[in-house]
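Scroll down for the structure; my scribbles are underneath it.
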Amino acid sequence: MLEIKNLHARVAETGTEILRGIDLKVEAGEVAAIMGPNGSGKSTLSYILAGREDYEVTQGDILFNGESILEMDPAERAASGVFLAFQYPLEIPGVATMTFLKTAVNAQRKARGESELTTPDFLRRVKTSAADLKIDMDMLKRPLNVGFSGGEKKRAEILQMALLQPSLCVMDETDSGLDIDALKIVSDGVNALRGPDRAFLVITHYQRLLDHIVPDTVHVLYKGRIIRSGDKSLALTLENEGYAQIIGEAA
Amino acid sequence: MTVHQLRPRTPAESALFALAPAAPAAVHAQAALDALHREGLPNRRVEAWHYTDLRQLIARATSGAVEAGQADDVLAPLLAGSLVVELGAGTAPSGADRDGLSLAHTGDSADWRTSPNHLDRPVDTVRLLNAAFGATAVRVSVEAGTELPPIELRAQGAAAGAHGFAICDVAAGAKAVIVERLSANAGGAPFSTGVSNLDIGDGAEVLWIVDQTKSAGDTHLGQLNVRIGADARFKLFVLNAGGALVRYEVHSVTVGEGADIAIRGVNLLRDKQHVDVTTTLVHAVPHTTATEVFRNVVTGGTGVFQGMIKVAPGAQKTDAKMACNSLLLSDEGEFLAKPELEIFADDVQCGHGATAGEINEDHLFYLMSRGIPEASARALLVKAFVAEVVEELEHEAAVEALEARIDAWLELSA
């Protein structure tokens, strides 16, 4: 589903190179975890997948379902099935959450040549997903993410994911800022979306999230490259031994 | 003996003055015209007009095109169910006969046009022009304790009605919603002025909405003078979404403790428009409050905000804040903000802030990452920027009507 080939990228403004040749394949139905110390390029990778303009790809390619997405803007990538759950979801005053959700869902449907959802149909879907994530409908009347707690913001991200039904879900440190109960709710939401046609790229610092969202593969990112790949036991090894050992072996 | 040297008039001034009624019926109109001939229009060396050089810009007033259409085209009021009052009609509209309301077309307001008004403000350029060009005045009185459906004041259509003068008295404890409708000239005059003197009695509440959607070539100079009694609330919303040259002045004085002012406004600018909002809020007694927020969207032209807060000696515990935030969507436009505080009391809270910026790229990326195409995402963010102040109105019908106006503008411009 996702194939990253020798991806090099730098910060557009400063020219600082962040990704230095990433190779990664994620198959449909797979949950791949990306781990790595601070500054290894995890968040950059997620932004580049979503199409953020602050970064410049200097070499390599990203294939999604066999086609390069590098020339697509963020909206086009989203419509084709890429979703990024933000580490820090943005607060946008003046945009009602419901309006935003409906605009996004219908924009994607339109881009795919599907008919727009009617309001009752849309509301039904929102209510179902919101209930699963224990999101109060009153919260969705407020401006997008404004005044939401950290946990509410993360749950709102998963709600968006559930409504948009992407085929590739990139989750950037979704566990950060979550207490144990919220972590459970968010993980359940993610697990409910797992399926043979959907892949996940779960970026995290900690093994803790992977107890709830059990990955098929684990990859260690360091200084812009994948230095080790393995199954879920690799995450446990990292939890016990830290990154130093693996980094030492790779050097 | 003093020799009074007359300043030569610019061609634009001459052209404008030539439009005034040649032999005005009213004495005050002739006096106003004489004063204009004598003093001319203010230019940028006059502080209050520094950013709106009327002597130069007034050329637009005589070059504006008369829009196709009939002056008496039926225009739906901004708020459904409003009593529509045509300022130039000379007679009260049908349906004006209501308990608690008295409505009179009157000529007795001459002295307020040309001498110090109920705020003790001396005559100024806008009032002189209004007096020189104007016809009858309208007096709207809302009796104490009454609550009426909205009143829409219209100064449009036929040339006689293009220079409205309205005196509105809202007596103690009454509640009124007044819409000042400044719409496209539709067969009328491309140059208009409007002066309104509003008196809000103790404990009364007035929501005043300025709905300005003038034609692209129109010039309008407006002024609202407000006296606010004890525990009275004055809410003002100004929407500027049209015109070639527009200046709207608000002058208020709080005369009773507990008076509260809430001014919100949205200025939408494009092409070569020049739109100026100038406010002077005088806190004359202790314990009065004011908040003032303008949001401006600029794709072209020049916007001006001059906001003055004056706290009189002894007006302790005044709490007054203003903000002017501009979203600049193109290099073709500019917005000039000049907030001023003049404080003569030592126990007050006053503040102001002005910002100018572009669309937040992080917000744009977030919306686009959810599949919202760039153009829609930008439109959503622009609308959000202004919607925040509209929604503070707490008047559902007004919020809806104004958002519809803003949507229409955004669709054409942003």
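Computed from a prediction, not measured in an experiment: that's the story for all the values here. Proteins get letters first, then strands, A, B, ... in listed order; numbering begins at 1 in each.
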Partner chain B: residue of A/Val95, A/Thr99, A/Ile92 with the largest heavy-atom pair count (under 4.5 Å) | A/Ile92
Using heavy-atom distances under 4.5 Å, tell me whether [X] contacts chain B through its side chain, its backbone, both, or neither.
{"X": "A/Pro143", "result": "neither"}
{"X": "A/Glu76", "result": "neither"}
{"X": "A/Leu101", "result": "neither"}
{"X": "A/Ala111", "result": "neither"}
{"X": "A/Leu164", "result": "side chain"}

Is it true that atom OH of A/Tyr55 has more than 12 heavy atoms of other residues, nucleotides or ligands lying nearer than 6.0 Å?
-> yes
Electrostatic pair A/Asp172:A/Lys42 at N-O distance under 4.0 angstrom = no
Indicate whether any N or O donor in one side chain lies under 3.5 Å from an N or O acceptor in the other, for A/Thr174 and A/Glu157.
-> no
Are a donor atom and an acceptor atom from the side chains of A/His205 and A/Asn38 found within less than 3.5 Å of each other?
-> yes
On the ring face of A/Phe83, is A/Arg77 found with NZ or CZ under 6.0 Å from the centre and within 45° of the axis?
-> no
